[in-house]
Amino acid sequence: MSARLNPEQQRAVETTEGPVLIFAGAGSGKTRVLVHRIAYMVQERGISPWQIFAVTFTNKAAGEMRERIERILGEGAKDVWISTFHSAGVRILRRHIEKLGYGKAFVIYDDSDQMTLIKKCLEELGLNPKIFSPRSVQSRIDAAKNELIQPKDFSQDDFFGERVAKVYELYQKKLIENNAVDFGDLLLLPVRLLEEHPQVLAEFRHRLRYLMVDEYQDTNHAQYRLIKLLAGERRNLCVVGDDDQSIYRWRGADIRNILEFEKDFPNCQVIKLEQNYRSTKNILAAAGEVVKAIAGRCEKTLWTDNDAGEKIVYFTGPTDKHEAQYVVAEIQKIREKMDLKLSEFAIFYRTNAQSRIFEDELRKQNMPYVIFGGVRFYDRMEIKDILAYLWVLANPADSLHLRRILNVPARGIGDVTVEKLEKLAAERGLSLLETLPFASEAGIASGTAKKIATFHQLIQTLKTYQTTEPLDHFVKTLMEQSGYIESLKAEQTIEAESRLENLEELVNVVADYMTSTEEPSLEAFLDQVALVSDLDQAADRSLSLPLMTLHLAKGLEFEVVFFVGMEEGILPHIRSFDTLEEMDEERRITYVGMTRAKKHLYLTNALKRRVFGNDQYNLPSRFLEDLPQDIVQRIEMPYESFGGRTAWNQDRDDDWDEAPASWASPKPIPRKEDPNNPYKIGAKVRHPIFGVGTIRDCEGNEDNRKITVAFSEVGQKKLIAKFSNLTILG
DNA sequence: AGCAACCGTGTTTTT
DNA sequence: CACGGTTGCT
């Protein structure tokens, strides 16, 4: 990128007063502008750093911004408030949550904690988990929270909604009992706080005079409200985003926030950053064609001074295995010609499940790789167990985490006992921890009661250690005193060995935290841990090939990108076939992925792939049809070479079935209706659980067929035909 | 209480 | 295929 800012960037930097909307196209130097803008405000406009609040979505983005501002401003940068929405929420709540009836020491429940609690609610309400799957209830509750909908306002207009409203209500009650908040609350409660407590709002408004929001296209309603409240009359709000890169609709992101910003904040300045510094002309042109078809997007013309570059390669292999072999072989080939680190390549896929076949091939070729967003360190069982101990110590009301550790490691306190304790707790209105001394009154045998007393004693002892020992040492003590380490050692398995290593690593994490923080505390440590994602914990990955989902790829860039699985059903994903909005989002996801590439872009797919153990034949992705043919180099692996000796399949022993008829045509094949579809729209069907209903819609073929059925009792449901057990009534 | 074997079920994306 | 959840056995 050029050393100087271009005129639009300059304007974006210098427009500091009033509402500003910056459309920042892919690779247009957005972060640079944000950083310079803050520096400019401080250095040229004399604005105090602590009056500036910059919000991002990921810790990584926040950290990067902070680092770059520090490079310009030095110490002064420390006072600029740069954080994610969620950490900002935590910070606001730690200070003020008592005004909302929670205790200061509240615990943050992650989604698995949330799921546990929801399951408990479902059970208590006697709801059939077959109909009310915890997952769907969770997503309904989350969606409600994103929309700032409280349990009492929850839409109850159908059978499902009515019950979910009950679950939501109970769930929220339980959160409060446990003095706990979930991720949604981290946004919802601050909004409530500011709306219900004008003096608090006034304080924040007085202090935070300049607001900046990154990735504004991804804000949900709660985030929007929060920002709008803080902006107040002063309206010194600068939002930066790109509607073409809005890919979090499913998580509540509302693209209208950015598209209607001008209406929402009249007289705002609109700045478009349209010069791309990242990609070749060819890559930009191809990506541009994919999003062009989206209606209602903000017109932008992304351009670049860079060379046209190489053509985009579109490869089709006979199977997913060949696809993986091709990609890995191609990486090796490029590395022989060019001096590129493995970290300058990347493989992108739509769904996590797709990574496996590439991992197999990479292992076979001894090529080191890293999966972005695999199992999170903090999601590992042993880590969650120890963290549960820590949460309980930080917040004694947290019965959910207490329950988790009560018998971990095993100490003879079983489910039956726990249930008795919980019953007593409910009767007396105590927390689970508070009932421990009364075990014998809960009808628990004296032997077990003794074990409970020992556990209770353990917690007390740990509490004293907590105050006397430095945090890292204390965590180690906890692991030992609780018997956790011992029980793992006793297992004598390789798995236990690796768990022990993880625990060691956890102690290291705590130690690192202590050196990097001015006032380390258990509570602050837990807050931080609750909010980190995988993307944030960047190790030294320069020697490994990165593999990631398209969603994780946003914001990153690579010299060479392999965009794999370009097939109907995968990208666009089968679940997005219903509505135009969802299909448009798939387009944007494609656009985001393509625009990550600086020099080389490969799009690949396969004619046949294994899914859940059986074969699937997908058509080429419709998005491939949008590519300008003159900048695409087509590579098809010839049918004849399957059993032969090609660069990619020398030692394969692929079981190869009869080729399907569709192969006769190597070009994208027009999608047509499946004549063997037994599920005709309008037909009546019976489901073993949901009862009788009418088919409303049907999509996909054979194993992928999904049908939408309107049931008279439980409302509309989408079913996978293969699994649905439907009886067709005619 | 703890484990093994089984079953049914379902697959997007995650701060 | 793979996982979570449940059952049934020791």
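Each chain gets a letter, A, B and so on, in the order the sequences are listed, and its residues count up from 1.
Residue contacts for A:N220: at a heavy-atom cut-off of 4.0 Å it reaches no nucleic acid atom on any strand shown. Using a 4.0 Å heavy-atom criterion, one finds that A:D111 contacts the bases of the nucleic acid, with or without backbone contacts as well. Looking at heavy-atom distances under 4.0 Å, A:A410 makes contact with sugar-phosphate atoms alone, never a base. Residue A:R356 is classed as a sugar-phosphate contact, given heavy-atom separations below 4.0 Å to backbone atoms only.
The base of B:dT13 is not paired with the side chain of A:R251 by any donor and acceptor separated by under 3.5 Å. Checked by distance alone, A:W250 brings a side-chain donor or acceptor within 3.5 Å of a matching partner on the base of B:dT13.
The phosphate of B:dT12 (OP1 or OP2) has no side-chain N or O of A:N352 nearer than 4.0 angstrom. In this structure, A:R135 does not reach the B:dG10 phosphate: none of its side-chain N or O atoms is under 4.0 Å from OP1 or OP2. Residue A:R575 places at least one side-chain N or O closer than 4.0 Å to OP1 or OP2 of B:dT12. In terms of phosphate contacts, A:K119 brings a side-chain nitrogen or oxygen within less than 4.0 Å of OP1 or OP2 of C:dG5. OP1 or OP2 of B:dT14 sits under 4.0 Å from a side-chain N or O of A:T549.
Partners of A:F348 by ring pair (Phe, Tyr, Trp, His ring centres under 6.0 Å), not counting sequence neighbours, listed by chain and number: A:F558. The salt bridge (Lys or Arg N to Asp or Glu O under 4.0 Å) test applied to A:R297 returns A:D244, not counting sequence neighbours.
Both thresholds, 5.5 Å between centres and 30° between ring planes, are met by A:H573 relative to the base of B:dT12, so the two rings are stacked.
Shown here for A:A530 and A:W391, the closest heavy-atom pair between the two residues is CB-CZ2, 4.2 Å.
Heavy-atom distances to DNA chain B give each of A:R411 and A:L187 a nearest nucleotide, and the one nearer the 5′ end belongs to A:R411. Positionally, the nearest nucleotide of DNA chain B for A:G414 lies more toward the 5' end than for the other of A:E585 and A:G414.
Across the protein-nucleic acid pair, A:Y591 atom OH and B:dT13 atom P stand 24 Å apart, rounded to whole Å. Going from atom CD1 of A:I574 over to atom C1' of B:dG10 covers 13 Å, rounded to whole Å. Atom C1' of nucleotide B:dT12 and atom CZ of A:R249 are separated by 13 Å, given to the nearest angstrom. Taking atom CG of residue A:N407 and atom C1' of nucleotide B:dA1, one finds them 9 Å apart after rounding to whole Å. When rounded to the nearest whole Å, the span between CG of A:D415 and P of C:dG5 equals 13 Å. Summarising the geometry, the separation between CD on A:Q616 and C1' on B:dG10 is reported as 14 Å, rounded to the nearest angstrom. Residue A:I357 contributes atom CD1, which lies 14 Å from atom P of C:dC1 at whole-angstrom precision. When the P atom of B:dT13 is taken as reference, atom CD1 of A:I247 falls 12 Å away, rounded to whole Å.
A:R411 forms no cation-pi arrangement with A:Y484, by the criterion of a distance under 6.0 Å to the ring centre and an angle within 45° of the ring axis. Stacking of A:R251 on the aromatic ring of A:Y248 is recorded, both the 6.0 Å distance cut-off and the 45° axial limit being met.
Taking atom C1' in both C:dG5 and B:dT12, the straight-line distance is 23 Å, to the nearest Å.
For the residue pair A:E359/A:Y369, the side-chain donor-acceptor check at 3.5 Å is satisfied.
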